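A short worksheet on the structure shown next.
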Amino acid sequence: MSPRKANMESSIYFGADGWWHGRVTMGVKSDGSPDRRHRRARTEAEVRRKVRELERQRDRGRAPAAGRKPTVAAWMETYLTNIASLKLKPRSLDDYWSKTRNDIIPGVGKHRIDKLQPEHLERMYRAMLDAGHAPSHVLKVHRILSRALKIAHRRRIVAENVATLVDPPSIDEIEANPFTKEEARAFLEAAAKRPSFMRWIVGVGMGFRQGETLGLRWSYVDLEAELFRPEWQLQRLTWRHGCDDPHACGGRLHRFEPCPPDCTAHKSYKRGCPKPCTKTCTKHASTCPQRKEGGLTFTRPKTKKSRNAVPIPPVFIPFLQDHKAQQEAARQAAGELWQEHDVVFARPDGRPLDPRADYEEFKELLKEAGIEDRRLYDGSRHTAGTILNELGVDMPTIMEILRHTQISQTRRYVKGRSHLSKDAMRRMGEFFVPSPAPLSAPNPGPTETRTETADTRAARARRRRRIR
């Protein structure tokens with residue numbers, strides 16, 4: 001009779017099925033039952049190698065959790081629903097869901113998470129690039145998937161995060177294109193003809209983000225202390241179903257076939273016809289009778305630093321006081337139709353400005369001012385940082401005004417001007433090589449020195465004798 005094996009000792013044997021089998025005791029499961037893993041191979045050496053690897057993982061505390069591993073699609077749904085939703089902002093979470101549905105699940109969603117290999121990711125990225133996706137889009141997909149696999153690795157669902165073994169596509173950073181001083185003045189002159197003039201004064205002159213500007217409330221504006229406190233921002237969030245069966249709720253809007261080439265139903269869509277619905281589509285939440293968490297919503301800024309108070313230039317105060325008086329007159333004129341939201345920049349009925357309409361107005365003002373097309377961020381935050389730099393303001397101060405957490409981020413926002421660089425290098429050259437005197441200048445001739453020499457008369461006489 002063979003002696004009893006010690007606790008936690010593995011067993012290896014040849015089975016009647018012609019395979020070598022190994023069984024490793026890993027501990028206990030969450031319900032208290034023994035956690036005993038099975039490995040098999042055609043040869044004894046191979047099964048011993050597998051058993052030793054499993055024992056090493058157990059001894060280091062890095063053994064994957066027991067049970068069948070989920071697919072990438074199932075894990076991404078678990079990650080986004082139960083883990084990422086507790087930390088991410090709503091807009092970021094929507095973006096994660098979008099890239100998961102459209103890119104990750106079609107690309108590698110059917111692989112078991114513990115069987116995923118670097119080659120699978122590389123083929124997916126290559127296919128995305130060939131389909132016309134920008135490298136920045138592929139990089140964002142890589143980061144989302146890498147973060148989900150990192151959490152799976154922490155929880156020992158997988159032994160390794162394979163996304164760290166893949167080099168994603170490199171991207172060229174988008175170069176800032178801020179207004180020049182002349183362009184900024186021309187833009188504000190065009191904006192002065194519109195009721196939203198103060199909105200653009202704050203955006204261009206103080207470097208506020210669009211959401212922060214549209215989300216400003218009078219409760220957080222101190223005209224006496226000359227301070228803005230951007231405690232809130234205005235964002236348009238995606239509606240979510242409040243019903244029990246989202247698929248059935250949007251049944252009348254489901255489209256499972258692609259649009260024909262001559263589609264007229266979506267001719268006003270700027271991005272073309274929408275993609276067909278999946279068989280389990282849960283979209284169309286905007287038509288749900290119990291919809292929630294969508295539309296124009298006030299949310300907190302991304303970081304605590306973004307909520308720091310910003311000084312208001314003193315010359316802006318009279319304009320803000322006039323703007324407040326005009327808004328009070330509009331409130332009186334609207335009467336019962338006025339919807340109070342306490343926003344600094346409101347529509348005629350008191351509602352906050354629509355970010356989409358605000359963006360369209362920015363493009364219209366560019367045309368009226370004769371300025372080439374550019375991003376809204378270039379015309380506000382990048383412009384404010386660059387002009388502050390041209391006025392001689394140091395980087396730490398610009399960082400505080402723009403409310404960045406790192407000065408390296410501020411340096412990416414501030415773009416150097418070629419004429420400033422040229423002037424700086426001119427002064428540098430004059431320091432090392434002074435400019436020559438003009439050729440037409442008259443010869444001044446010998447000059448008389450009034451400085452006494454340090455030598456005595458006797459020392460000079462001795463030098464003359466040596467020379468002779």
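Keep in mind the model is a prediction, meaning the values are calculated, not measured.
Not one N or O on the side chain of Q210 forms a donor-acceptor pair closer than 3.5 Å with the backbone of L376. Between the side chain of T383 and the backbone N or O of D378, at least one donor-acceptor pair lies under 3.5 Å. Formation of a donor-acceptor pair under 3.5 Å by the T100 side chain with backbone atoms of Y96 is found in this model. Under a 3.5 Å cut-off, the side chain of R300 and the backbone N or O of E231 do form a donor-acceptor pair. Judged by distance alone, the side chain of R37 and the main-chain N or O of V24 form no donor-acceptor pair under 3.5 Å. Here the side chain of S196 pairs no donor or acceptor atom with the backbone of R199 at under 3.5 angstrom. Without hydrogens or angle criteria, D342 side chain to S219 main chain gives a donor-acceptor distance under 3.5 Å.
Listed by first then second residue, pairs satisfying side-chain hydrogen bond (donor to acceptor under 3.5 Å, both in side chains) with a partner in residues 309-325 number zero, not counting sequence neighbours. Screening residues 283-307 for ring-ring contact (aromatic ring centres under 6.0 Å, His included), with sequence neighbours left out, gives H254-H284. For residues 348-374, the set of pairs meeting the ring-ring contact (aromatic ring centres under 6.0 Å, His included) definition, not counting sequence neighbours, comprises F187-F362, W200-F362. Sequence neighbours left out, not one pair with a member in residues 73-87 passes side-chain hydrogen bond (donor to acceptor under 3.5 Å, both in side chains).
Partners of E361 according to the salt bridge (Lys or Arg N to Asp or Glu O under 4.0 Å) rule, which considers only residues two or more places apart in sequence or in another chain, are R194. With sequence neighbours excluded, the residues that form a side chain to side chain contact (heavy atoms under 4.5 Å, CB included) with K150 are R147, R154, N161. Annotation: side chain to side chain donor-acceptor pair (under 3.5 Å) contacts of R52 (sequence neighbours excluded): none. For the side chain to side chain donor-acceptor pair (under 3.5 Å) test, residues two or more places apart in sequence or in another chain that qualify with N102 are S98. In terms of the salt bridge (Lys or Arg N to Asp or Glu O under 4.0 Å) criterion, residue partners of E372 (sequence neighbours excluded) are, by chain and number, R374. Under the salt bridge (Lys or Arg N to Asp or Glu O under 4.0 Å) criterion, D130 pairs with R126, not counting sequence neighbours. Among residues two or more places apart in sequence or in another chain, the salt bridge (Lys or Arg N to Asp or Glu O under 4.0 Å) test is passed with R217 by none.
One finds no salt bridge joining E53 and K50 here, because no Lys/Arg side-chain nitrogen approaches an Asp/Glu carboxylate oxygen to under 4.0 Å. The pair D95-R91 fails the salt-bridge criterion, with no side-chain N (NZ, NE, NH1 or NH2) lying under 4.0 Å from an Asp/Glu carboxylate O. No salt bridge links D222 with R229; every basic N to acidic carboxylate O contact stays at or beyond 4.0 Å. Classification of D349 and R347 as a salt-bridged pair fails, no side-chain N sitting under 4.0 Å from a carboxylate O. The existence of a salt bridge linking R356 and D354 is excluded, since no basic side-chain nitrogen approaches an acidic carboxylate oxygen closer than 4.0 Å.
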Quiz: residues 398-406 side-chain donor-acceptor pairs under 3.5 angstrom, not counting sequence neighbours:
unit_1: E400; atom_1: OE2; unit_2: K305; atom_2: NZ; d: 3.3
unit_1: R403; atom_1: NH1; unit_2: E212; atom_2: OE1; d: 3.3
unit_1: R403; atom_1: NH1; unit_2: E212; atom_2: OE2; d: 3.0
unit_1: R403; atom_1: NH1; unit_2: S306; atom_2: O; d: 2.8
unit_1: R403; atom_1: NH2; unit_2: E212; atom_2: OE1; d: 3.1
unit_1: H404; atom_1: ND1; unit_2: T410; atom_2: OG1; d: 2.9
unit_1: H404; atom_1: NE2; unit_2: R381; atom_2: NH2; d: 3.4

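The minimum heavy-atom distance between Q327 and V344, with the atom names listed, is NE2-O, 2.8 Å. Summarising the geometry of L54 relative to R39, their closest heavy-atom pair is CD1-NH2, 3.5 Å, with the distance given to 0.1 Å. What you find for H266 and C273 is that their closest heavy atoms are ND1-SG, 3.8 Å. When every heavy atom of P318 is checked against every heavy atom of P314, the shortest pair comes out as CD-O, 3.6 Å. When all heavy atoms of F208 and P230 are compared, the closest pair comes out as CE2-CB, 4.1 Å. Closest approach of P301 to R307, counting heavy atoms only: CG-CG, 3.6 Å.
With L149 as the partner, the side chain to side chain contact (heavy atoms under 4.5 Å, CB included) test is satisfied by one option alone out of T164, I113, V72: I113. For the salt bridge (Lys or Arg N to Asp or Glu O under 4.0 Å) with D94, the qualifying choice from R240, K283, K89 is R240, the only one to do so.
In this structure, CG on L80 lies 5.0 Å from CH2 on W97, to the nearest 0.5 angstrom.
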